[in-house]
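Reminder, nothing fancy here: chain letters follow the sequence lines and each chain counts from 1.
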Amino acid sequence: MSEFDLGKFEDEAHEQWIHAFESNPSNLEKFYLTVAYPYPSGAMHVGHGRTYIVPDVIARFWRMKGRQVLYPMAFHVTGAPVIGISKRIANKDEKTIRLYRDLYKVPQNVLDEFVDPLTIVRHFAGEYQRVMTACGLSIDWRRRFTTVDPTYSKFIEWQWKHLYEAGHVIKGVHPVRYCTVDENPVGDHDLLEGDKAEVVKFTLVMFRFGDAFIPTATLRPETIHGVTNLWANPTVVYVKALVDGKAWIVSKEAAEKLALQDHTVEIKEEINGKDLIDKKVSHPLCGEITILPAEFVDPDMASGLVMSVPAHAPFDYIALRDLQQAGKYKEIKPIPLIKVEGYGEIPAQFAVEKAGIANQMDSRMDALTQEIYSAEFSKGKLFEKYGGKPVRVARDDVAALMVEKYDSAIMYEFDVRPVVCRCGNRVRVKILHDQWFLKYSDPIWKQQVSDHLGNMALVPPEVRAEFDRTVGWLKDWACTRRVGLGTRFPWDTTQLIEPLSDSTIYMAYYTIAHKIRDIDSKLLTPEVFDYIFLGKKSDDLPEKKKLDVMRNEFLYWYPYNYRFSAKDLISNHLTFQIFHHVSIFPKDKLPAGMVVFGMGLLNGAKMSSSKGNVFLLEDAVAEFGADTVRMFLMGSAEPWQDFDWRNELVISTKKQIERFYSTIMELRNASGEPHDIDKWLVSRLQSHIERTTDALNNFQTRQALQEAWFGIETDLKWYRRRLPENCEGSHELHTLCSVWTRLLSPFIPFTGEHLWKELAGEGLVSFAPWPVADKKLVSPRIELSEELLSRTVEDIESIMKLIQITPKAITIALAPEWKHEIFRTIAQSADRTTVIKEIMKDDRMKKRGKEATDAARQCTTLIHRLPPQVVTPLALEPVNEHAVFEAAQAFLEHEFGVPVHITDAEKGVHVKAATALPFKPAIIIE
RNA sequence: GCGAGAAUAUCUAAGUGGUCAACAGAGGCGGACUCAAGAUCCGUUCGCGCAGGCGUUCGCAGGUUCGACUCCUGCUUCUCGCACCA
C-alpha cells in the first residue's frame with residue numbers, strides 16, 4: 001500500500017495532465033469561464049492563489065459533469081507600474097530591490113535585467129504559469145498571450161474602430177496630476193503624499209489693481225457681494241506677470257501653475273507681499289476695497305491671494321477680528337448676503353462665537369468652515385437684493401456671469417496639499433489637451449448596459465446593487481496615456497490606450513488566441529476581425545481557411561458563462577467590460593454571468609506586498625502541498641467572503657486530507673456482506689451527492705466541502721459504530737470510495753488522481769463522471785429509524801452522565817398506540833394550539849382524562865422541537881419502534897455494556913415509563 | 001462625506017419567524033492508545049442541575065409578534081469602492 005505523499009501525487013498527476021486541459025470545440029455542451037488576468041509585476045501570494053483556484057474548482061466540477069470546459073489564462077502587461085519599477089531598480093532604490101530580491105526571490109542575474117520593464121513582466125508571467133501549474137489549475141495554456149503581442153494590438157485596434165464609429169470615443173480637455181520633473185501625469189501609486197487629493201475647480205475673481213488684475217481664487221463666487229477686503233501674505237513674494245497678455249499679480253507658485261493650465265505666462269517683476277498691504281482694489285460687483293495682511297494666506301494655494309467674506313467664512317471673520325482687536329481697520333464691517341436657518345444674522349460670527357473659538361490657530365476651524373459651507377450650500381438663500389436664489393443655484397450662475405462679463409478664469413487646484421511625486425517633486429494640476437475619453441456618461445449606452453445587467457447571473461446576488469449604482473455613476477473615462485506599455489491609440493499615435501480600456505473584451509480573444517498566432521499581424525485588418533467575431537463577409541480576406549477555424553471557435557465558446565474577479569473591480573473593470581460587450585457584440589454573444597470574490601487576509605491583517613505581509617503561493621505549495629492549499633482556500637470561506645490565511649489552520653487541513661486518504665485506502669477492499677446499516681449509509685450518501693452538487697452549482701465551495709467532506713465523514717463514523725462486532729464493512733463501501741473520491745477531486749485533484757488509480761477507476765478522475773444521486777437508493781424510512789435510534793442513544797448517554805451510577809440494566813419503554821394517534825393528529829393539524837380540544841372530543845381519549853391532555857401537550861412541545869424532515873413523515877406513518885429497537889438490541893448492549901430490555905410503556909414496568917412519547921421512548925436506567 | 005455590504009460563543013463560521021444553547025471546523029481542556037512524542041479515537045468547551053431539564057445569550061437601544069439570531073427604526077463599529085489605475 002502506498003504512503004500518503006502529496007509531493008509524489010503531484011508529480012504523478014502533472015505527468016498525466018500535460019496536455020489534458022487543452023480544450024477544443026466538440027459535440028459536448030460548452031462551459032467557458034474566465035478570470036481577470038494578472039498584471040505580473042511580482043510573485044504570486046496565497047491571495048492570488050484563491051483568485052485562480054476558485055474558477056479551477058468550478059472548471060473541474062463542470063468538466064466532470066460532462067461539459068467541454070475552457071479555462072484560459074493570459075497576462076496583462078500594459079500600463080505604467082513596471083516602468084516605474086524598472087526605473088527604481090535602475091536607480092538602485094533600496095526598498096524596491098529588497099522587495100524583489102528578498103521577498104520575491106528574484107536571482108541577481110535576472111534582477112539586473114529588470115532595468116528593462118518588459119523583462120519584469122516576462123519574468124513574472126513565466127513564474128505565474130509555473131506556480132499556477134503547480135497548484136493544479138486546469139488551464140489551456142495554448143491560449144496564453146500578453147497584451148503587448150502584435151496580434152493582440154491589432155485586435156484592440158479593431159475594437160476601438162467600432163467604439164469610435166459608435167460615437168463612444170470622444171476628444172476633450174482634462175485636468176490631471178502632473179509632475180514637471182518627470183514631465184508626465186502621475187498616478188496614485190506614484191505618489192509619495194496626497195493620494196487622496198482631488199482636483200477642485202476654483203473661480204478666479206478678478207479685482208482691478210491699477211493697470212493689473214489681482215485674481216483671487218474661490219469656491220464660492222456668489223459671496224462676491226459680501227467681500228469686505230482682500231487678504232495678502234506680507235511675507236510672500238508675489239509676481240506681476242503677463243497672463244494671456246494681461247497683467248496679473250499672483251504668487252510665484254501660482255504663476256508656475258497657471259502656465260500648466262492653458263495660459264501663457266510671462267513674469268515681469270517681483271512684488272513683495274508687504275507692498276500690497278493697504279492698497280486699494282476694485283470689482284464691479286463689490287466696489288473698492290482694501291488689501292489686508294494675513295499670515296494664513298498660503299502662496300501655494302491657488303493664486304496666493306484670497307477675497308475676504310467675514311460674514312460667511314470663519315477664517316475671514318477671525319482674521320479680521322484679530323486685526324480689529326489690535327486697533328486697526330475698525331471701519332470694516334462684515335456684510336451678510338446669505339440667509340440660512342439657525343445661524344443668526346452673520347453665520348460666521350454666530351458659529352465662531354457659539355464654538356468659543358479664540359483665534360485662527362484653533363484646530364476646529366476647518367471643521368467649522370466645512371459646516372457653514374455645507375449648511376449654506378444646502379439650505380442657504382441669497383438676500384432678495386442679490387437675486388434671492390438658493391446658494392446651490394446662484395453659485396453656478398455667478399461663476400458663469402463672472403467668466404462671461406468680469407474677466408474671471410478657472411483655476412484647478414488640489415483640495416489637499418501637499419501632493420508629492422515619488423521623485424520628490426511637487427505635483428501640479430495640468431490641463432491636458434488631445435485627451436480622449438470613453439463616453440460612459442452616454443445615457444443610451446448606460447441604458448443598454450443596465451438592460452443587459454438585468455439578464456446576467458450575478459454571484460453573490462447582493463452585488464447587483466453595486467453594479468447598478470456604478471452604471472449610473474460612471475462618467476467619461478480618460479482612455480489614453482502618454483506613458484507605459486500598450487497599444488498605440490489609432491487617432492493619435494503619440495498616445496497609448498489606457499490599460500483598463502484594453503482589457504474589456506479580451507475574453508473573446510482567448511477563443512482564437514492559439515490560432516491567430518499563425519497569421520502575420522500585418523494581415524490582421526479590421527475586416528479580418530469583423531469576420532471572425534461578427535461574421536461580416538468581405539472580399540479578399542487572407543487565410544480564409546484559418547479564419548473559418550477561428551470563427552468556429554468563437555461561435556462555439558462565446559459568450560462566456562462566467563467571469564470571476566475580486567470585488568474591488570466592480571466599479572471599473574467588471575462594469576467597463578459590459579459596456580464594451582454591448583457596444584460590439586450581438587445580443588446572443590453578451591456575457592452570461594459574473595462571480596465576485598472577497599479579499600484575502602493573512603493572520604488577520606490585510607495582505608500587502610509593499611508591507612511584506614504576504615505568504616508566497618509557491619512557498620505554501622512547497623510547504624503544505626497543493627491540495628492542502630486548495631482545500632484550505634476553498635473551505636475556509638465562500639468565495640465572496642473575505643478569507644484569512646492562518647498556518648495552523650492549514651496544517652489541520654493537511655491532516656484531513658491524510659485522513660481521507662487512509663480511510664479510502666482502508667475501505668476500498670472491504671468485502672463483507674451488506675447489513676441493514678449499509679442501506680442507511682447508501683441512502684445518506686445520495687443526499688450528500690445532491691447537496692454537494694447544488695452547492696457547486698451555486699459556487700459555494702465551502703458549503704460543498706462541508707457536505708462532501710465532513711458530511712460523509714460523520715456518517716461513516718456512525719456506520720462503523722453500528723457495524724456488528726467482528727464485521728468488516730460490506731463491498732458497498734467500494735461505491736462509497738469511488739463517489740467520495742470524485743466529489744472531492746475538484747478540490748484535491750492530486751490526491752484524487754492517485755486514489756482514482758488505486759480504486760481502478762477508468763482514465764483520469766479529472767474527466768470521470770460526476771456522481772449523480774440515485775433516488776431509488778434513498779430510503780427515508782431507514783433514515784428515520786436510524787434517527788430514532790441515535791436520538792435515543794444520545795438521551796441515554798446524557799442521563800448516564802448526570803446520574804453517575806453504575807447501571808445494571810437499561811429498559812426502553814415504547815409509547816402506546818393512542819399516543820401515536822395524538823401525535824399524528826397534532827402533526828397534521830394546521831393550528832396546533834386548538835387541536836388539543838379536538839382530540840379530547842374523541843371518547844377514547846376522554847376516558848383517559850388528564851393522561852391524554854398531558855400527552856397532547858407533550859406531543860405539541862416535541863413536535864416543535866423535532867426537525868420538519870422528521871415530523872412530516874411521522875405524521876403520515878409511524879416508525880415501527882419495536883422493530884427498530886429489537887434490531888438494535890445487540891448494538892445497544894454493546895454500546896452500554898449492560899442488558900437492554902425493550903418493552904411497552906403500559907406494561908407497568910416503572911413509573912417513568914409513563915413519559916414515553918412517539919419518537920421519544922422512556923428510558924429507565926437501573 | 002457619498003455608495004455597497006457586514007457584526008453570532010476563544011477563533012473561522014452556518015443559521016433569514018417556532019426545527020436554536022444555536023450545523024461544521026479549528027483551538028483549549030480531560031481521557032484512551034504509547035516508553036515517549038506525533039497521528040488516531042472518545043468526551044468536554046455560557047451558567048446551573050444525581051433523569052433526558054432549567055436559566056441567560058447572537059454589536060447597542062427600542063419596536064412588531066403568542067413567539068425574533070431571523071422582521072422594522074435609530075445608534076455604534078468594521079470591510080470594500082468613490083476613477084485617470086492595476
Side-chain angles (χ1 to χ4, degrees), chain A residues 36-41 76 78-82 174-177 185-190 196 198-199 370 374 432 435 437-438 440 460 462-470 472-481 484 498-501 503 566-573 576 596 598-599 601 604 606 635-638 640-644 646 648-653 655-656 658-659 662 702-703 705-707 709-711 713-714 717 720-721 791-792 794-805 832-833 863-871 912 915 920-925:
Chain A
Y37 51 19
Y39 183 81
S41 64
H76 189 212
T78 39
V82 281
H174 185 56
V176 293
R177 293 185 296 228
V186 188
D188 261 348
H189 49 268
D190 281 324
K196 284 276 165 264
E198 277 182 54
V199 174
Q370 192 55 48
S374 305
L432 288 186
Q435 176 64 55
F437 293 87
L438 279 163
Y440 292 144
E462 299 88 71
V463 299
R464 185 172 294 278
E466 213 174 330
F467 272 106
D468 287 341
R469 199 198 129 266
T470 301
W473 162 86
L474 272 178
K475 297 177 213 137
D476 295 343
W477 176 263
C479 60
T480 54
R481 293 289 174 277
E498 178 275 331
L500 284 186
S501 306
S503 302
K567 66 179 170 191
D568 53 348
L569 296 188
I570 292 177
S571 65
N572 48 53
H573 166 74
F576 290 2
V596 176
M599 316 293 280
L601 303 175
K606 202 170 167 177
S636 63
E638 298 295 5
W640 39 90
Q641 296 171 322
D642 296 348
F643 77 96
D644 192 4
R646 287 177 194 268
E648 65 272 19
L649 300 187
V650 180
I651 291 167
S652 72
T653 304
K655 288 178 196 163
Q656 284 167 16
E658 194 165 351
R659 211 153 68 225
S662 54
R702 181 180 189 273
Q703 179 67 29
L705 266 176
Q706 291 269 337
E707 275 301 326
W709 166 250
F710 298 107
E713 197 199 30
T714 306
K717 270 185 198 165
R720 286 165 146 171
R721 195 169 161 192
R791 278 172 181 267
T792 308
E794 274 170 37
D795 277 355
I796 296 174
E797 282 173 340
S798 82
I799 296 168
M800 299 237 287
K801 214 175 294 154
L802 275 170
I803 59 174
Q804 295 182 347
I805 57 166
R832 285 170 187 169
T833 47
I863 284 168
H864 272 186
R865 289 200 176 167
L866 290 171
Q869 62 267 30
V870 168
V871 174
K912 284 198 192 301
T915 62
K920 196 168 176 64
I923 295 159
I924 301 129
I925 300 173

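Straight-line distance between the C1' atoms of B/U10 and B/G5: roughly 26 Å, to the nearest whole Å. For the P atom pair drawn from B/G55 and B/U19, the interatomic distance equals 14 Å after rounding to whole Å. Between B/C54 and B/C20, the two P atoms lie 14 Å apart (nearest whole Å). To the nearest whole angstrom, the two C1' atoms, one in B/U44 and one in B/A36, are 25 Å apart. Remark: the separation of the P atoms in B/C33 and B/U12 is 36 Å, to the nearest Å. Nucleotides B/A21 and B/U56, compared at atom P, are 12 Å apart to the nearest Å. For the C1' atoms, the distance from B/C85 to B/C71 is 42 Å, rounded to whole Å. The gap from the P atom of B/C84 to that of B/A13 amounts to 33 Å, rounded to the nearest Å.
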Using atom names, set out every protein N or O paired with an N or O of nucleotides 16-20 of chain B below 3.5 Å, distance rounded to 0.1 Å.
{"unit_1": "B/U19", "atom_1": "O2'", "unit_2": "A/R865", "atom_2": "O", "d": "2.6"}
{"unit_1": "B/U19", "atom_1": "O2'", "unit_2": "A/L866", "atom_2": "O", "d": "3.4"}
{"unit_1": "B/U19", "atom_1": "O2'", "unit_2": "A/P867", "atom_2": "N", "d": "3.1"}

Dump the pairs, protein N or O against N or O of nucleotides 22-27 of chain B, anything under 3.5 Å, distances to one decimal.
{"unit_1": "B/A24", "atom_1": "O2'", "unit_2": "A/Q706", "atom_2": "OE1", "d": "3.0"}

Write out a two-atom table: protein N or O, nucleotide N or O from nucleotides 47-51 of chain B, distance below 3.5 Å.
{"unit_1": "B/C50", "atom_1": "O4'", "unit_2": "A/L802", "atom_2": "O", "d": "3.0"}
{"unit_1": "B/A51", "atom_1": "N6", "unit_2": "A/I925", "atom_2": "O", "d": "2.7"}
{"unit_1": "B/A51", "atom_1": "N1", "unit_2": "A/I923", "atom_2": "O", "d": "3.3"}
{"unit_1": "B/A51", "atom_1": "N1", "unit_2": "A/I925", "atom_2": "N", "d": "3.3"}

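When atom types are taken as modelled, the side chain of A/Y39 and the backbone of A/V82 share a donor-acceptor pair closer than 3.5 angstrom. In this structure a side-chain-to-backbone donor-acceptor pair under 3.5 Å is missing from A/E498 to A/R481. Side-chain N or O atoms of A/H76 include one that pairs as donor or acceptor with a backbone N or O of A/P499 at under 3.5 Å. When atom types are taken as modelled, the side chain of A/Q435 and the backbone of A/L432 share no donor-acceptor pair closer than 3.5 angstrom.
Contact annotation: A/R481 reaches the phosphate of B/C85 (side-chain N/O to OP1 or OP2, under 4.0 Å).
For the pair A/R720 CZ and B/C41 P, the interatomic distance rounds to 9 Å; values are reported in whole Å.
Only one option out of A/W473, A/F576, A/W477 pairs with A/Y440 in a ring-ring contact (aromatic ring centres under 6.0 Å, His included); it is A/F576.
Between A/K567 and A/E466 there is no salt bridge, since none of the side-chain N atoms of the basic residue sits less than 4.0 Å from a carboxylate O of the acidic one.
Closest to the side chain of A/S798, out of B/C85, B/C80, B/G52, is B/G52.
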